[in-house]
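Letters go in sequence order (proteins before strands), and every chain restarts at 1.
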Amino acid sequence: MTNPLTPAASWPRTEADAEAEQQRLRPLVDRDGPGPSVADGGTVAGVDVAYDDQRDLVAAAAVVLDVATLRTVEQATAVSRVAFPYVPGLLAFRELPAVLDALARLRTAPDLIVCDGYGIAHPRRLGLASHLGLLTGIPCFGVAKTAFTFTHQPPGPHRGDRTPLLDGGEDVGRALRTRDGVKPVYVSTGHAVSLDHACAHTLNLTPRHRLPETTREADSLCRRALAAAVRAGQ
DNA sequence: GCGACAG
DNA sequence: ATCTTGTCGC
């Protein structure tokens, strides 16, 4: 009720309010962590969202994996109405309400969360992963598939090779090669986890694909949840 | 200068 | 994100 971290009741409805909310939360982000290391084991959750714009529906999924074995420990989904349009820089306001619902349905909170998108690599340094980390208090980082406005030197050709991800002159993340000879992913700190630990977890989660297992499983699950909701007729 | 811009 | 077939490869 006096929680400074945005109760659902105050979710912004306009772009101006959303940007103001980002400016308010920005100084609260912990960029250094260190957060859990891979050696600490524990659990890591992946979250993702799918949309049906025709029916105004959004489905979110949270999939929890064991860090050491990559086995699925638990999963949850949530379906609701879209709460915000897609606006570059304001993605969190579109995705997070459903994601928070899905996370709330887990029996046990994960030790770490991986987002499909950016953390502090963001115009106001408050991308999806930073925002979700603040709202949950759980260490969180982002793995994005495209660099778009950010610049970077191409990483070496091998898995594990990395270069700085730059926003102008500012270092905001890493371009990280997760598979030999495959296009890199873009890792950025979200909240309460260091960039080094985020990159180590990303490599741990990519034993055979470019994208983390967490992201792949959450993506597939939220699509199934959306299809099921449509089938049930909403 | 204008538009594009994570998903 | 989503619209969308087949196809090459591990």
Side-chain angles (χ1 to χ4, degrees), chain A residues 15 18-19 21-22 25-26 29 46-63 77-102 113-135 140-152 159 165-168 170 172-176 178-191 195 198 202 206-227 229-230:
Chain A
E15 294 186 25
E19 288 192 18
E21 178 69 351
Q22 291 181 331
L25 293 176
R26 171 180 188 159
V29 173
V47 294
D48 197 19
V49 169
Y51 300 95
D52 185 322
D53 290 319
Q54 312 302 307
R55 298 177 181 75
D56 193 41
L57 286 179
V58 52
V63 177
T77 62
V79 177
S80 57
R81 300 289 168 184
V82 175
F84 205 89
Y86 172 67
V87 180
L90 301 179
L91 181 63
F93 298 97
R94 179 168 169 83
E95 303 221 328
L96 291 191
V99 166
L100 291 167
D101 285 348
I113 299 174
V114 185
C115 283
D116 189 12
Y118 287 111
I120 65 168
H122 177 276
R124 288 167 292 282
R125 300 293 177 265
L126 200 86
L128 202 54
S130 299
H131 203 143
L132 181 59
L134 277 177
L135 294 187
C140 191
F141 68 95
V143 178
K145 298 182 286 294
T146 53
F148 287 109
T149 61
F150 303 109
T151 60
H152 64 89
R159 167 175 159 85
L165 185 66
L166 304 174
D167 186 356
E170 205 172 332
V172 293
R174 296 282 184 274
L176 175 66
T178 56
R179 304 298 303 162
D180 287 2
V182 171
K183 183 180 186 296
V185 298
Y186 305 93
V187 180
S188 54
T189 288
H191 176 65
L195 185 54
T202 301
T206 50
R208 61 175 295 152
H209 296 288
R210 173 185 178 234
L211 297 179
E213 288 299 311
T214 37
T215 298
R216 292 168 50 81
E217 295 199 18
D219 177 79
S220 127
L221 181 57
C222 69
R223 287 179 198 240
R224 277 177 280 150
L226 182 63
V230 170

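Nearest-nucleotide assignment on DNA chain C puts the 5′-proximal partner with A/Asp116, out of A/Arg208 and A/Asp116.
For the pair A/Arg94 and B/dA6, the criterion of a side-chain N or O lying under 4.0 Å from OP1 or OP2 is not met. Proximity of A/Lys145 to the phosphate of B/dG7: a side-chain N or O atom is located under 4.0 Å from OP1 or OP2. Checking the phosphate oxygens (OP1, OP2) of B/dC5, no side-chain nitrogen or oxygen of A/Thr146 falls inside 4.0 Å.
Summarising the geometry, the separation between NE2 on A/His122 and P on B/dA6 is reported as 11 Å, rounded to the nearest angstrom. When the C1' atom of B/dG7 is taken as reference, atom CG of A/Leu91 falls 5 Å away, rounded to whole Å. Rounded to whole Å, the distance from CD on A/Glu15 to C1' on B/dC5 is 13 Å. Rounded to whole Å, atom C1' of C/dT2 lies 9 Å from atom CD of A/Gln54. Look at CZ on A/Arg210: it is 19 Å from P on C/dC10, rounded to the nearest Å. One can place CZ of A/Arg223 at 9 Å from P of C/dC3, the figure rounded to the nearest angstrom. Note: CG (A/Leu90) to C1' (B/dC5) measures 11 Å, nearest angstrom. Per the geometry, CZ belonging to A/Arg125 stands 14 Å off C1' belonging to B/dA6, to the nearest Å.
Ion pair A/Arg216/A/Asp48 not flagged as a salt bridge, since none of the NZ, NE, NH1 or NH2 atoms sits closer than 4.0 Å to an Asp/Glu carboxylate oxygen.
Looking at heavy-atom distances under 4.0 Å, A/Leu226 makes no contact with the nucleic acid at all. Contacts of A/Tyr51 with the nucleic acid, taken as non-hydrogen atoms under 4.0 Å apart, involve only primed sugar atoms and P, OP1 or OP2. A/Asp48 comes within 4.0 angstrom of the backbone, heavy atoms only, and of no base. If you check every strand for non-hydrogen atoms under 4.0 Å, A/Gly142 touches nothing. Note on A/Ala147: nothing from the nucleic acid sits closer than 4.0 angstrom, heavy atoms only.
Between the side chain of A/Arg210 and the main chain of A/Val182, no donor-acceptor pair closer than 3.5 Å is present.
Put simply, the residue from A/Val143, A/Thr206, A/Leu211 that forms a side chain to side chain contact (heavy atoms under 4.5 Å, CB included) with A/Thr178 is A/Thr206.
Side-chain contact of A/Glu95 with A/Tyr51: a donor-acceptor pair under 3.5 Å is present, judged by distance alone.
The ring of A/Tyr86 lies on top of the base of B/dG7, close enough and flat enough: under 5.5 Å between centres, under 30° between planes.
The side chain of A/Pro88 lies closest to B/dC5, out of B/dG7, B/dC5, C/dT2.
The shortest heavy-atom contact between A/Ser130 and A/His191 is O-CB, 4.0 Å.
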